[in-house]
2 protein chains.
Amino acid sequence: MARNEHRSGSTLPVTPPTLADVAERAGVSRQTVSNAVNNPDLLRPDTLERVRQTIAELGYSPNRAARNLRTRTSSLIGLRFAPAQEGTANAAMDRFVHSLVEASEEVGYHVLLFPGDDEDPVGGYDNLLRSTAVDAFVVTDTYLGNPQAAWLTQQRAPFVAFGRPWEDDVARHVWVDVDGAAGIALATQHLIDRGHTRIAWIGWRKDSPIGEDRRSGWVRTMHQNGLSTTGLASRVEDVVHSGAEAAAVLLDESAPTAFVCASDTLAMGVLHTLWIRQLAPGRDIAVVGFDDSQVAQVYPVGLTSVRQPLEDVAVEIIRTIRALLTHQPVETRGVLLEPTLAIRESS
Amino acid sequence: MARNEHRSGSTLPVTPPTLADVAERAGVSRQTVSNAVNNPDLLRPDTLERVRQTIAELGYSPNRAARNLRTRTSSLIGLRFAPAQEGTANAAMDRFVHSLVEASEEVGYHVLLFPGDDEDPVGGYDNLLRSTAVDAFVVTDTYLGNPQAAWLTQQRAPFVAFGRPWEDDVARHVWVDVDGAAGIALATQHLIDRGHTRIAWIGWRKDSPIGEDRRSGWVRTMHQNGLSTTGLASRVEDVVHSGAEAAAVLLDESAPTAFVCASDTLAMGVLHTLWIRQLAPGRDIAVVGFDDSQVAQVYPVGLTSVRQPLEDVAVEIIRTIRALLTHQPVETRGVLLEPTLAIRESS
DNA sequence: CACCTCGATTGGATCGATCTAGGTCGATCG
DNA sequence: CGATCGACCTAGATCGATCCAATCGAGGTG
């Protein structure tokens, strides 16, 4: 059993030390070493210390594959990673993924990325699930008609969704989401506090539940403050020039003094129209976007934007996944977190 | 051995089928099933067909952990994932990670993310390496004084760097990089072709080898075209307002008609100054950035920008990693890829 | 017909950590 | 003083796929 007898202290041995190596060297059994790693409370302090010392000396770290095989877990969380769409400002994924990686590390998980395929949306999930390569999934794209959540539920695969199952009443999975309506309400109130009364909305098409939810935050806040929303709303595609056109029309027809947008992309369109018309963002016309993208941060006139608490979302997701995996009762089916407002020169 | 005899056809069985299950059901031995999966050539066509049929019927997929344990591989590639810095336009990581995930999938690898820690830069690498959790690493931050590449080399850990070992003559690891100087040369020549002769450079501080490399592309192209660079260069921090200030000073002192920048962040600063001075980007003054970030794409006046071929970088990195892992001789120590120019209204 | 070859197939051993059942030892108690 | 207890530790079995050496069987050869 005495493998790895001679090894250089500075380079990685050809084969890393095993639990048996540590046991032999420390003069204890394998199980004792295992306990030292996983259940230190079971060992007598002096034995624990001796084993730990040996572990440190040998630079031992449990072999992942062996542990995974025995325990039927992988400590990996699968995430389908789709790139940010070109031509839009949405870089939220980047920040979210990082938060997720951080939150995972804290509790001993790692994040495994796999590519998406629009033609076969569950293919990637299926492979990883059947080969028991991951313990759970984080699903980020729970938009209308997305079959993944339903499919995973049916497979009894543990997963948590970032995003509510909007339209789907039968969906019984666990989710974490950000209250977009509250974010827009925050933005709208902010503008009202600054003295604006004619605040326009530029959002997405009506078939987007997320867009309609965000819009409701604007409507609600306006009405709560006794302000009219008539003729002040526009619903367009999420591209820059659509936002620019909508802003131009609204300025001509309704003379708003402020714009609240469903995305930073649309807000960029508004800024473009203001620029063409020689109107100064923040001084002449206020603009607020959504997502606090890099564009909002880097744009010469800093764009005020609703910022999703992605760090908290990630922590909450990981917390929930742990609960699912340890078969603790999951107290709530959904968690809704409050966004904040990143205030900059544009408002 | 006949586990999983009765199972619902629609939901995942409590324990997935094993190779032994398939073997028994197909009336062959385990080894034969293994061969059907890994070395189909060894089987007689009719046997192969029968085994494949059974695999499909049972929905069998080899257990990753068991395979990993036996073969001492994981099919995982580790990538330290640091988030884009707030306040800069650099979203290249997002695109690169996606490309890497795609390229990995093609050859049966997956990407594992782990967090970075500036205080202990090799900690994450060390853990994954010692627990044999990944087969290789992709290292993206090979800047001056970064100990990771040297450390990994010393540990004999397989890895490929995205980025040249600039200053380090002794570094003998394998790398893939984008020729920034060629990209800037492309941008500069593009401006010269448009009739510009007074083209200014705004780059990073002198201690950045990447910045100096990019700058050399500007110098080279200017001189090749018989143009002077005197008084047309500025070196500043990579933040928007530094770019804006540098542009203002250069406009006052040297009256350039075009700017080439080491980053989109700096280019945004230039655009800011142009906006303040009521100068139209593209018509009055041309501007070119670097990285083709979302900002460049979304900015109302589309920003012409050097675009790194990150898809190709990823493919090349994966190709090299495969070569390293299969102990094929790696023919070249470094690969330099050519960027392209995304031309928009700003030039 | 015995012998040989070579492709196809088999069963046992193995990777390294963990689970399980059982064993050791000193302290406590009737 | 021997039985009992509990804290601590040990050894064998196990997870599932692959490696390895050995075997089987069909076809060819002298």
Side-chain angles (χ1 to χ4, degrees), chain A residues 1-4 13-52 54-55 58-75 108 130-133 135, chain B residues 1-4 13-52 54-55 58-75 108 130-133 135:
Chain A
M1 267 299 163
R3 303 148 60 260
N4 300 328
V14 182
T15 69
T18 70
L19 182 138
D21 293 336
V22 176
E24 194 196 21
R25 176 143 173 181
V28 296
S29 72
R30 288 168 300 138
Q31 185 60 46
T32 301
V33 178
S34 179
N35 284 337
V37 174
N38 300 310
N39 299 85
D41 297 345
L42 296 178
L43 297 202
R44 218 166 34 202
D46 60 327
T47 311
L48 179 60
E49 180 50 36
R50 187 157 42 98
V51 175
R52 283 206 166 136
T54 311
I55 287 176
L58 294 181
Y60 166 75
S61 194
N63 181 302
R64 267 312 216 283
R67 170 178 282 178
N68 293 350
L69 175 59
R70 193 62 183 90
T71 61
R72 299 164 166 283
T73 62
S74 65
S75 299
R130 286 220 316 272
S131 56
T132 57
D135 289 346
Chain B
M1 264 302 162
R3 302 150 59 262
N4 300 329
V14 182
T15 69
T18 70
L19 183 137
D21 294 336
V22 176
E24 194 196 20
R25 175 143 174 178
V28 296
S29 73
R30 289 167 301 141
Q31 183 63 46
T32 302
V33 179
S34 180
N35 284 338
V37 174
N38 301 311
N39 299 85
D41 297 344
L42 296 180
L43 296 202
R44 219 168 31 203
D46 60 328
T47 311
L48 179 59
E49 179 51 36
R50 188 158 40 98
V51 174
R52 282 202 167 140
T54 311
I55 287 176
L58 294 182
Y60 167 76
S61 194
N63 181 302
R64 265 313 215 286
R67 171 179 281 177
N68 293 350
L69 175 59
R70 193 62 183 93
T71 62
R72 297 165 167 285
T73 62
S74 65
S75 299
R130 287 218 316 272
S131 57
T132 57
D135 290 346

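In the text below, chain A, chain B and the rest are named by the order of the sequence lines, each starting its count at 1. Not measured: the values here are computed from a predicted model. These numbers come from the heavy atoms of this one structure, side chains and all, not from hydrogens, waters or symmetry mates.
A donor-acceptor pair is defined here as one N or O able to donate and one able to accept, closer than 3.5 Å; such a pair exists between the side chain of B:Asn63 and the backbone of B:Ala65.
The distance between atom CG of B:Asn68 and atom P of D:dC15, rounded to the nearest whole Å, is 18 Å. Atom pair A:Asp46:CG and C:dC25:P shows a separation of 16 Å (rounding to whole Å applied). If you take CG of A:Leu42 and P of D:dC9, they are 9 Å apart, rounded to a whole angstrom. Here C:dA13 presents its P atom at 17 Å from CG of B:Leu69, a figure rounded to the nearest Å. Between the C1' atom of D:dT10 and the CD atom of A:Glu24 lies a distance of 15 Å, rounded to the nearest Å.
Not one side-chain nitrogen or oxygen of A:Arg72 sits closer than 4.0 Å to the OP1 or OP2 atom of D:dT14.
To the nearest 0.5 Å, atom CG of residue B:Leu42 and atom CD of residue B:Gln31 are 9.0 Å apart.
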Handout entry: Intermediate values then yes/no, side chain to side chain contact (heavy atoms under 4.5 Å, CB included), A:Asn68 and B:Asn68
Key = CA-CA 9 Å; A:Asn68 293 350; B:Asn68 293 350; 5.5 Å; no
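Using a 4.5 Å heavy-atom cutoff, the side chains of B:Ser131 and A:Arg64 are in contact.
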Practice task
Report, as a single string ordered 5' to 3', how protein heavy atoms within less than 4.0 Å touch nucleotides 17-24 of chain D: B base, S sugar-phosphate only, - not at all.
Solution key: BBBB----
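Considering all non-hydrogen atoms of both residues, A:Arg52 and A:Ala36 come closest at NH2-O, 4.4 Å. When every heavy atom of A:Thr54 is checked against every heavy atom of A:Val22, the shortest pair comes out as CG2-O, 3.8 Å.
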